[in-house]
Amino acid sequence: MNKGTHFETSRARASKVCVLLAGLLLSGGLPLRAQQGQNQQNLYSPQLVSELKQLQQAALDSDYAYRQVSHLSNNIGPRLTGSLQAERAVEYVADELKRLGLEVKLEKLMVPHWVRGAETGELVEYPGQAPQTTQKIVLTALGGSVPTPAEGLTAEVVVVNDFDELQALGREKVAGKIVLFNVKFDRQMAAQGYGGDAYGQVSGYRVVGASAAARQGAVASLVRSVGGSQNRLAHTGAMRYADDAPRIPSAAVSSEDADLIASLLKEGKVRLHLTLTPKQLPDAPSYNVVADLKGSERPEEVVIVSGHLDSWDLGTGAIDDAAGVAVAMQTAQLLKQLNLRPRRTIRVIAWMNEENGLVGGRTYAREHASELANHYAAIESDRGAGHPLGFEAMVSPDALPMIAPVSDILRSQGAELVRRTEGTEADISPIAAQGVPAFGLWQDTRTYFNYHHTAADTLDKVSLSSTLGS
Ligand SMILES: [Zn+2]
């Protein structure tokens, strides 16, 4: 296998991986949660292996998933929870899955409805400043942030490198100031293929930083963007206020601007004028799209294949996560195309509100609690559109050998890896916590976090496989 092929970005290829495992779980009756120790050879009849290979080839030859990503991101656009575009995306995916012949239900949710407003930052005082000048800072409000006063606020900036440093400064040095959490995203770790781990190391500062700063009397909180962009882009994302702290405005600054502020602060005082005018509107009705391709023998037994339909609002949510929804849709489309009827039900889910609340995943777990014993597996694709490497499996260790024959098939395209994990993708984590075996699609994320949650999450980051049609 040549390396170029192995790491090629390909939506069609990604879709195949999900399809294969889902097909296996269904048609083979893989006993991930019961009857463990059964002879795994019995699970893979020659017919099943042949069908898996047919699915693999059909996925490679298809541009269906790519066309779905294109429609969701280019035609509908950003799909922040509560927006008109999110509403339209629900209709579109539901209609398309109905057209494929699935039984479609819209499962109602009440979701947060936060709307971005104006957002500007400028340094108004700093060492060496030319008279009558300021410096623009690239920043973006974090989702859920409260606004500044309409005319903005001006305060001195204090930089910390972790929560301990904030604590050490204490109220005396923090009160009345803007705190900047200057914690670097580990680009090296992402380059080594562990972008998700790099993200997980620092995303906590974005989520709870504002409340930590507010406890020390800060008037606003900034976080160095959690991501690898080197194009002076700010990465938005969710934040959460604690009940025991005042709610202060919170934004992400580009990594370049975090460096700028930290550098100037070494020379002397830095003051920032910050304006954020987002609005938190009343919760709005929305939906998980839940579409069943009924099983032929055990229709009550379910395998979920999923992605999340909502996205952040700065880009068009192509890699996060129209790509994942498209993969799930293509799973059903290919089974229909090849006339393969699974023994268990394949349930395609387009989740709502992964980005700023996880209401979709939580509500599903609650409302389907009594049926979860019949959920044989759940798969979610939420790592972009890079080349699939395999699966991250939140399963018991003795389930791993049962997946090995699937990996054998996937080896031909460099997608044979399986890594056991303690956690899984966000929307399926509430049902995984209740014992449903969970699989995240493990993809090449070396560039994913350069675009994630930025204005550059657009369709061009998704490439159609060069093998398409060959
Ligand atoms: Zn996502």
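Using cut-offs of 30° and 60° on the angle between ring planes, the pair His452 and Tyr448 is tilted.
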Show your working on salt bridge (Lys or Arg N to Asp or Glu O under 4.0 Å) between Arg383 and Glu425 and close with a plain yes or no. CA-CA 9 Å; Arg383 291 289 166 99; Glu425 297 300 340; 3.4 Å; yes
Going through the checks in order, is the side chain to side chain donor-acceptor pair (under 3.5 Å) test met by Glu107 and His368? CA-CA 11 Å; Glu107 299 193 353; His368 293 265; 2.8 Å; yes
Assess whether salt bridge (Lys or Arg N to Asp or Glu O under 4.0 Å) is satisfied between Arg224 and Asp259, documenting all intermediate values. CA-CA 9 Å; Arg224 183 188 179 101; Asp259 284 339; 2.8 Å; yes
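Under a cutoff of 6.0 Å and an axis angle of 45°, Lys461 and Tyr451 form a cation-pi pair. Judged by a 6.0 Å distance limit and a 45° cone about the ring axis, Arg419 is positioned over the six-membered ring of Trp442.
Of the candidates Gln47, Gln54, Lys53, Gln47 is the only one forming a side-chain hydrogen bond (donor to acceptor under 3.5 Å, both in side chains) with Glu51.
Within the structure, the salt bridge (Lys or Arg N to Asp or Glu O under 4.0 Å) test picks out the following pairs touching residues 66-84 (sequence neighbours left out): Asp63-Arg67.
Around the CZ atom of Arg240, the shell of radius 6.0 Å holds no more than 12 heavy atoms that belong to other residues, nucleotides or ligands. Within a 6.0 Å radius of NZ in Lys294, other residues, nucleotides and ligands contribute more than 12 heavy atoms.
Side chains of Glu96 and Leu100 form a contact here, defined as non-hydrogen atoms less than 4.5 Å apart.
Residues satisfying the ring pair (Phe, Tyr, Trp, His ring centres under 6.0 Å) test with Tyr205, not counting sequence neighbours, are Phe163, Phe181.
With respect to the salt-bridge test (charged N to carboxylate O, under 4.0 angstrom), the residues Glu301 and Arg343 do not qualify.
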